[in-house]
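As structure tokens, the structure follows; a few thoughts come after it.
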Amino acid sequence: MGSSSSNAREAPAAAPPPPPPAPPGPLHAMDADEDDESVKQLNECAALYLSLQDCLAESDRNWKACQAHVQALKACEASRNKNQKT
């Protein structure tokens, strides 16, 4: 009789697409942090090492972009080694 519902089939709702993969964490996340014993052994050079790691993470591991950090760490290590020999 006078049914208000239609006989047309409704298409099943399409499943939503899967979410995109999570972006990777910082590239040096597994390297060292302030509490890492190997970083603590760097003593006064530890902050320079960590800043180099940050630079590398931010520049997609572009060593050329981080040469100022590399040179600063190298100079710190040379000074540290010189002081240990005296």
Ala72 to Leu48 - nearest heavy-atom pair and separation: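 So the minimum-distance heavy-atom pair works out to O-CD1, 3.6 Å.
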
Kindly compute the distance separating [atom1] ([X]) from [atom2] ([Y]), expressed to the nearest 0.5 Å.
X	Y	atom1	atom2	result
Leu73	Leu50	CG	CG	10.0 Å
Ser51	Leu56	OG	CG	9.5 Å
Glu58	Cys66	CD	SG	8.0 Å

Go through Val70 and Leu52 one step at a time and tell me if the side chain to side chain contact (heavy atoms under 4.5 Å, CB included) criterion holds. CA-CA 7 Å; Val70 172; Leu52 171 60; 3.7 Å; yes

Between Arg80 and Glu77, does any NZ, NE, NH1 or NH2 come within less than 4.0 Å of an OD or OE carboxylate oxygen?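 Here Glu77 pairs with Arg80 in a salt bridge, since their nearest N and O are under 4.0 Å apart.
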
Has Ser59 got a side-chain atom pairing as donor or acceptor with Cys55's backbone, closer than 3.5 angstrom?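 Pair found, side chain donor or acceptor close to backbone of Cys55.
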
